[in-house]
Amino acid sequence: GRELRKPLILGAGSDIADMAWNNGGSSLMVKKIEGSAVSWEILPATERPVVSLVDSKTNIPVFDGDKKMSTLTRSMIREVSWSLRSSDEFYLKAGNNLYRWDLSQNRAEKILENVHSFAIFGNNIFFATENGFLAESDLDGKNGVSFDRPGVFISEKPFRFLKNTNGQRA
């Protein structure tokens with residue numbers, strides 16, 4: 001048979017840093033590093049074209065209610081994660097803040113502050129704060145709970161959180 005999917009092109013000096021499937025398994029998000037620039041692309045599992053999710057042209061308006069507060073650009077965004085609610089919804093970490101981004105409306109909303117690292121598990125956001133505490137909230141950044149444990153050492157690199165089939169997180 002003939003390959004119908006569009007290829008992901010990597011230039012000289014480019015690397016794939018991370019990959020993650022969306023909830024339905026229909027698209028793969030790829031984090032690319034090209035020199036000092038980081039970008040994210042969506043590779044559909046069908047013959048649809050590759051979509052540049054976060055690249056040099058990215059300007060994401062951040063709103064508080066109906067009021068535009070600021071704009072996120074590629075240089076500000078450090079991590080991107082799929083939402084489990086919609087293939088058009090993503091979570092972005094920029095600075096110490098976590099944003100929920102609705103791609104179809106190109107609008108983001110700050111939902112958590114003081115975030116070092118995060119992961120989406122089911123209907124919750126599991127995260128480490130800049131102070132080294134582990135916490136969890138719902139997908140809207142509300143109903144947060146801090147775990148009653150000693151703080152963890154914070155390095156510059158983000159943590160990679162995992163969850164096993166029994167629901168235990170590491």
Taking C-beta and beyond as the side chain, do [X] and [Y] meet within less than 4.5 Å on heavy atoms?
| X | Y | result |
| --- | --- | --- |
| Leu92 | Leu72 | yes |
| Asn23 | Leu84 | yes |
| Trp40 | Ser52 | no |
| Phe118 | Lys93 | yes |
| Phe133 | Asn114 | no |
| Asn97 | Val115 | no |
| Met19 | Trp21 | no |
| Leu43 | Val30 | yes |

Taking [X] for the side chain and [Y] for the main chain, is one N or O donor matched with an acceptor at less than 3.5 Å?
| X | Y | result |
| --- | --- | --- |
| Trp101 | Glu109 | no |
| Asn22 | Ser27 | yes |
| Lys68 | Ser70 | no |

*Salt bridge check: are Arg100 and Asp140 linked by an N-O gap of less than 4.0 Å?*
yes
*Do NZ/NE/NH1/NH2 and the carboxylate oxygens of Lys31 and Glu41 come within less than 4.0 Å?*
no
Shortest non-hydrogen contact from [X] to [Y]?
| X | Y | value |
| --- | --- | --- |
| Trp82 | Leu28 | CZ2-C, 4.3 Å |
| Arg74 | Ser39 | NH1-CB, 4.0 Å |
| Gly25 | Ala45 | O-CB, 4.4 Å |
| Ser83 | Tyr91 | CB-CE1, 3.7 Å |

*Derivation of the side chain to side chain donor-acceptor pair (under 3.5 Å) call for Asn143 and Asp138*: CA-CA 6 Å; Asn143 303 312; Asp138 63 20; 2.8 Å; yes
*When you look at Lys32 and Ser14, which way does the side chain to side chain contact (heavy atoms under 4.5 Å, CB included) test go after all the steps?*
CA-CA 7 Å; Lys32 291 183 358 181; Ser14 297; 5.7 Å; no
Same apolar cluster (I L V M F W Y, side chains within < 4.5 Å links), [X]/[Y]:
| X | Y | answer |
| --- | --- | --- |
| Leu112 | Met69 | no |
| Ile16 | Val80 | no |
| Ile33 | Val50 | no |
| Ile60 | Met76 | yes |

In Å, rounded to the nearest 0.5 Å, how long is the span from [atom1] of [X] to [atom2] of [Y]?
| X | Y | atom1 | atom2 | answer |
| --- | --- | --- | --- | --- |
| Phe127 | Ile120 | CZ | CD1 | 10.5 Å |
| Phe90 | Ser81 | CZ | OG | 9.5 Å |
| Ile125 | Leu139 | CD1 | CG | 5.5 Å |
| Lys57 | Thr73 | NZ | OG1 | 15.0 Å |
| Ile111 | Ser137 | CD1 | OG | 6.0 Å |
| His116 | Leu98 | NE2 | CG | 13.5 Å |

*Given Leu103 and Leu53, is the side chain to side chain contact (heavy atoms under 4.5 Å, CB included) satisfied, shown in steps?*
CA-CA 9 Å; Leu103 178 62; Leu53 186 64; 3.9 Å; yes
_Go through it in stages, so that I can follow the logic: the residues are Ser104 and Asp102, the test is side chain to side chain donor-acceptor pair (under 3.5 Å), and I'd like the CA-CA distance, side-chain angles, deciding distance and then a yes or no._
CA-CA 6 Å; Ser104 64; Asp102 182 334; 2.6 Å; yes
*Counting only heavy atoms not in Asn59, do more than 12 fall under 6.0 Å of its CG?*
yes
